[in-house]
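The block underneath contains the structure these notes are about, expressed in C-alpha cells.
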Amino acid sequence: MTSAPMAVSPQAAATESGTAVLHLPKTSDSPALLRIRHSMSHVLAMAVQRLFPKAQVTIGPWTENGFYYDFDNPEPFTEADLKAIRKEMLKIIGSRLPLERIEVSREEAERRISEQNEPYKLEILAGLQEPITLYTLGESWWDLCAGPHVANTSELNPKAFALESVAGAYWRGDEKRAQLQRIYGTAWETAEQLAEHQRRKQEALRRDHRRLGTDLELFSIEDEAGAGLVFWHPRGARMRLLIEDFWRQAHFDDGYELLYTPHVADIELWRTSGHLDFYAESMFGPMQVDERQFQLKPMNCPFHVLTYASRLRSYRELPIRWAELGTVYRYERPGVMHGLMRVRGFTQDDAHVFCLPEQIGDEILRVLNLTERILSTFDFRQYEINLSTRPQKSIGDDAVWDLATRGLIEALERKGWSYKVDEGGGAFYGPKIDLKIEDAIGRLWQCSTIQLDFNLPERFNLAYVAADGSRQRPIMIHRAIFGSLERFFGIMTENYAGDFPFWLAPEQIRLLPVTDEVLPYVESLQQQLQQQGVRATIDRSGDRLGKLIRNGEQMKIPVLGVIGAKEAETGAISLRSRRDGDLGALPLATLINRAVAANQQRLPGLGDG
RNA sequence: GCCCUUGUAGCUCAGUGGUAGAGCACUCCCUUGGUAAGGGAGAGGUCACGAGUUCAAAUCUCGUCAAGGGCUCCA
C-alpha cells in the first residue's frame with residue numbers, strides 16, 4: 001500500500017477528545033523502526049532454525065506494525081513453540097550479536113545457499129539483481145537480504161517485542177504452491193510503545209461488531225440456517241429501519257425513484273447479462289422450476305435494466321435515477337465469511353442512473369454530494385478516493401471511455417476532493433470511483449462505489465429516442481453508498497463502539513422506577529414519549545436503582561431516566577446521558593421537545609435544548 | 001478452498017477415559033431500595049453433529065459442520 005496522503009473532504013471536522021495518546025509510528029514513517037523490525041525478523045528466523053533445524057527460511061519482511069517470517073517446517077508451530085522461540089530470541093538479543101552486510105557474487109551466494117539446503121532462498125536469488133547482499137547475524141547465521149538492519153542486536157529492546165500469532169501462508173501468495181508457516185510479531189523502540197500497541201489491539205477487540213452484536217442483541221448468525229446468513233434481532237432491525245428510512249428520504253430528496261424487483265429470475269436473463277459467464281462461481285446454483293431454471297440474484301443491475309427496457313424512453317426523460325434496497329445472494333467460499341462484513345446474503349443500496357453522455361459530469365457530482373450527505377450523517381467525514389481508469393482488456397470505444405473518464409474527473413474537481421488515480425484499474429466495462437471511509441480508530445473501509453457501465457446497455461440493447469428521432473444508447477451508472485447494509489452496519493457499529501447516536505439507538509430512553517409505587521406514573525410517561533415517536537422503555541426487573549443503572553449503561557442506552565417519589569411529585573424526570581452526563585431533572589414536556597428535535601435532526605444526543 | 005486453533009447452560013468460561021461445573025442472565029421468594037452488581041432458592045446441558053476405539057467417551061481417533069486467526073479470493 002502506498003503512503004499517499006489521505007484525501008480529506010473540505011468539511012472534515014472529526015475532532016478527537018483532547019486526551020494525549022502515545023504516537024505510534026508506522027514502519028514506513030520511521031527508518032529506526034524499519035531497521036528494528038527487519039532485524040527482529042532475522043532474529044526470529046535464527047531462533048526458529050536453532051530450535052527447529054528442519055525449518056527452511058523463505059521471506060521475512062516488516063509490516064506497518066511489526067514483522068513476520070514464513071517458514072517451511074514439517075510440523076506447524078504451536079502456541080507453546082512461540083514461547084520457546086521468544087525465549088530463544090531473547091538469548092540472541094542478549095548475546096549482543098553484530099549484523100553485518102556482505103556483498104557477494106551471484107555464484108558465491110548460490111554456493112552458500114546450496115550448502116545450507118534452502119531451496120526457497122535459491123528461488124529468491126534467481127529473481128534478484130546485483131548487487132547481491134547477505135546479512136550475517138553473529139558467527140554462523142546469515143540470510144539473503146537487502147537490509148537495512150541495526151548494527152548489533154543490542155539495539156533491539158528485549159522488552160519491546162512480542163510474537164503475536166501463527167498462520168498459514170502460501171509461498172509467493174500462490175494457493176497452488178507450498179503452504180508455509182507464518183509467524184507474526186511486533187517490535188517497538190520502547191516498552192511503552194509495545195503496551196500502547198497492545199492496548200489498541202484490545203480496543204479493536206472491544207469494538208468488534210460480532211461481540212457488540214451479541215451483547216447489544218442486534219443480530220445473530222445461526223448455525224442451523226447456515227454460514228453468512230444474518231438474523232436481524234428487534235434492536236438491530238429497528239436501527240436498520242431508521243437507516244433505511246433516512247436513506248429513502250435522502251434519495252427522494254435527490255430526485256431518485258425507488259424500485260422493488262424479484263429475488264430470482266429465469267437463468268436466461270443471467271446469460272444475457274453475462275453473469276453466467278463471468279460471475280458463475282460467485283452465484284448460488286440454479287433451481288429447477290417447472291420446465292425452466294431460475295437463478296437467485298447476485299446483483300440487481302439486470303432487473304433495473306429490464307425495468308428501463310420495459311418501454312421506449314425519450315431523451316426528455318433522462319436522467320432516470322432508480323434506487324433499490326436490493327437483497328442479493330452470493331456464494332462466498334467457506335472460510336471467508338466474517339460477521340456482517342462478509343456474508344452470503346446481503347442488501348445493497350443499489351442505484352442506477354441512465355443518462356445522456358453530456359450529463360455524466362453533473363450526475364457523478366450529484367452522487368458525490370449524496371454520498372457525503374449520507375455518510376456524514378453516520379459521522380464518517382474522512383474519505384480516501386480512488387479513480388480507476390481503462391484497463392488493457394476492455395470493451396467500448398475510445399471516445400466513450402474518454403468522455404466518461406473526463407466526466408468522473410470533472411465531478412471530483414468540482415467537488416474539491418483530492419483523489420488517487422489507479423491507472424488501468426477500472427472494470428473492463430467502464431471507469432469507476434471508489435471511496436473509502438476512515439473510522440474512529442484509523443481503519444479504512446471501502447463502501448461506496450460509482451461505476452460507469454458500457455456493457456449492460458449494449459447487451460440489453462438499451463436505447464432512448466434522441467431529439468432527431470434516432471435511437472441512441474444511454475450511459476449507465478451503477479452506484480452504491482453503503483455498499484451492503486450488513487457490512488456498513490458492522491463498520492458503523494465498530495466506529496461508534498456500540499455507543500450509537502441518540503437518533504439511531506434502538507432504545508433511546510430507559511425509564512428506571514426507583515420503587516414499584518411509581519410504576520403507574522412511569523407507564524404514563526412512557527406512553528407520552530412513545531406517542532411522540534421517542535423510543536422509551538421501562539425497566540421492570542424490580543432490581544435496586546444501582547443495578548438498573550448498571551444494566552442500562554451496559555446496554556449503552558443513550559439516556560436513562562430515574563423516577564422516584566420526588567419526580568412523581570414534581571412531574572419531572574432525572575436524566576442521565578451517556579454522552580453528556582447528568583442532565584438534572586427535566587419536566588416531561590422539555591424532554592419530549594428535545595428528544596423529538598434530536599430525532600428530526602438526527603443528533604447524537606439530547607443537546608442543550 | 002488451504003494451514004492452524006476452537007466448539008461444554010442464553011452469555012463468559014472451568015473441567016477431563018468412570019454419574020456435568022462456576023459466574024452472569026432467567027424463574028420464584030424476601031427486600032421498596034435514589035445514580036454501575038441487596039439476599040436466598042430454583043430451573044436450565046444428547047458437552048456442535050456422525051462414526052470408530054474401549055467394560056466405559058464430553059474427554060482418545062477419524063469424518064462433517066460452524067466459529068476464530070491468517071492465506072487465497074472479493075465484478
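Reminder, nothing fancy here: chain letters follow the sequence lines and each chain counts from 1. FYI, side chains are in, hydrogens and waters are out, and symmetry mates aren't considered; it's all heavy atoms of this structure. Predicted, not measured: the structure shown is a model, and the values here were computed from it.
D223(A) is linked by a side-chain contact (heavy atoms from CB on, under 4.5 Å) to nothing, counting only residues two or more places apart in sequence or in another chain. Take R473(A) and apply the side-chain hydrogen bond (donor to acceptor under 3.5 Å, both in side chains) test, not counting sequence neighbours, and it matches E458(A), N461(A). A search for salt bridge (charged side-chain N to carboxylate O under 4.0 Å, His left out) contacts involving E88(A) returns R50(A), K91(A), not counting sequence neighbours. Partners of R459(A) by salt bridge (charged side-chain N to carboxylate O under 4.0 Å, His left out), not counting sequence neighbours: none found.
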Review item, nucleotides 42-45 of chain B N/O atoms under 3.5 Å of protein N/O:
none

Would you list the protein and nucleotides 9-11 of chain B atom pairs, both N or O, that sit under 3.5 Å from each other?
none

Between protein and nucleotides 64-69 of chain B, what N or O pairs are separated by less than 3.5 Å?
from, atom 1, to, atom 2, distance (Å)
A66(B), O2', D223(A), OD1, 2.8
G68(B), OP1, R210(A), NH1, 2.8
G69(B), OP1, R210(A), NH2, 3.1

Name the pairs: protein N/O against N/O of nucleotides 22-29 of chain B, kept only if under 3.5 Å.
from, atom 1, to, atom 2, distance (Å)
A25(B), OP1, K547(A), NZ, 3.0

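Atom CG in L545(A) sits about 10 Å away from atom P in A37(B), given to the nearest Å. Atom CD of Q348(A) is separated from atom C1' of A75(B) by 11 Å (rounded to the nearest Å). The distance from atom CD of E217(A) to atom P of U12(B) is 13 Å, rounded to the nearest whole Å.
A centroid separation of less than 6.0 Å is found between the aromatic rings of Y120(A) and W171(A). Not less than 6.0 angstrom separates the ring centroid of W62(A) from the ring centroid of Y68(A). Between F488(A) and F380(A), the distance separating the two ring centers is shorter than 6.0 angstrom. Remark: aromatic rings of Y69(A) and F71(A) are close, center separation under 6.0 Å.
If you check every strand for non-hydrogen atoms under 4.0 Å, G552(A) touches nothing. Here G546(A) lies in heavy-atom contact (under 4.0 Å) with sugar-phosphate atoms only. R182(A) comes within contact range of the sugar-phosphate backbone alone, with a heavy-atom separation under 4.0 Å but no base atom that close. Nucleic acid contact class of E332(A) (heavy atoms, under 4.0 Å, all strands): none. At the heavy-atom level, E567(A) lies under 4.0 Å from base atoms of the strands shown. Residue contacts for S282(A): at a heavy-atom cut-off of 4.0 Å it reaches no nucleic acid atom on any strand shown.
The only member of T405(A), I433(A), V400(A), I364(A) that meets side chain to side chain contact (heavy atoms under 4.5 Å, CB included) when paired with L452(A) is I364(A). For the salt bridge (charged side-chain N to carboxylate O under 4.0 Å, His left out) test with D208(A), the passing option among R206(A), R210(A), R211(A) is R210(A); the others fail.
Ranking A37(B), G1(B), U32(B) by closeness to the R550(A) side chain, first place goes to A37(B). In this structure, of A75(B), U72(B), G33(B), it is U72(B) that holds the atom nearest to the side chain of R333(A). Nearest to the side chain of K566(A), among C71(B), C73(B), G34(B), sits G34(B). The nucleotide whose nearest atom lies closest to any side-chain atom of R576(A) is, among C71(B), U32(B), U35(B), U35(B).
Side-chain N/O atoms of T327(A) and T347(A) include a donor and acceptor closer than 3.5 Å. A donor atom on one side chain and an acceptor atom on the other are not found under 3.5 Å apart for S484(A) and Q348(A). Side-chain atoms of W270(A) and T272(A) form no donor-acceptor pair, as typed in the model, at a separation below 3.5 Å. Under the 3.5 Å distance criterion, with hydrogens and angles disregarded, no donor-acceptor pair is assigned to the side chains of N386(A) and Y419(A).
Taking atom P on both nucleotides, G21(B) is separated from G45(B) by 14 Å, rounded to a whole Å. Only the C1' atoms considered, U8(B) is 4 Å distant from C47(B), to the nearest whole Å. Nucleotides G23(B) and A43(B) have their P atoms positioned 14 Å apart, rounded to a whole Å. Nucleotides G38(B) and U46(B) have their C1' atoms positioned 38 Å apart, rounded to a whole Å. Separating the C1' atom of C73(B) from that of C62(B) is a span of 30 Å, rounded to the nearest Å. On the C1' atoms, U53(B) is 10 Å away from A57(B), given to the nearest whole Å.
A close approach under 4.0 Å does occur between a side-chain nitrogen or oxygen of Y184(A) and OP1 or OP2 of C71(B).
U35(B) is unpaired under the criterion used here, namely a Watson-Crick or G-U wobble arrangement in which both key atom distances are under 3.5 Å. The nucleotide U61(B) finds its pairing partner in A51(B), both defining distances of the Watson-Crick or G-U wobble pair being shorter than 3.5 Å. Across all strands shown, G23(B) forms a Watson-Crick or G-U wobble pair with C11(B), both key distances being under 3.5 Å. Shown here, G44(B) forms no base pair; nothing in the strands shown gives a Watson-Crick or G-U wobble contact with both key distances under 3.5 Å. Partner assigned to C74(B) is none, using Watson-Crick or G-U wobble distances below 3.5 angstrom. For U6(B), the paired base is A66(B) (Watson-Crick or G-U wobble, both distances below 3.5 Å).
Judged as a salt bridge (Lys or Arg N to Asp or Glu O under 4.0 Å), not a single pair has a partner in residues 560-570 of chain A (not counting sequence neighbours). The stretch residues 214-239 of chain A participates, sequence neighbours left out, in these ring pair (Phe, Tyr, Trp, His ring centres under 6.0 Å) pairs: W232(A)-F489(A).
The pair R540(A)-E523(A) meets the salt-bridge criterion, with a side-chain N (NZ, NE, NH1 or NH2) lying under 4.0 Å from an Asp/Glu carboxylate O.
Put simply, the side chain of Y170(A) and the base of C3(B) share no donor and acceptor less than 3.5 Å apart.
For RNA chain B, no neighbouring residue in residues 51-62 of chain A is found when judged by any heavy atom under 4.0 Å.
Comparing M299(A) and S574(A), the nucleotide of RNA chain B nearest to each residue sits closer to the 5' end for S574(A). Map R544(A) and V562(A) each onto its nearest nucleotide of RNA chain B; the residue landing nearer the 5' end is V562(A).
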Under 3.5 Å, side-chain donor or acceptor atoms of residues 549-557 of chain A against the rest of the protein: list the pairs with distances, not counting sequence neighbours.
from, atom 1, to, atom 2, distance (Å)
E553(A), OE1, R578(A), NH1, 2.8
E553(A), OE2, R576(A), NE, 2.7
E553(A), OE2, R576(A), NH2, 3.2

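Geometrically, R535(A) does not engage F502(A) in a cation-pi contact defined by less than 6.0 Å to the ring centre and at most 45° from the axis.
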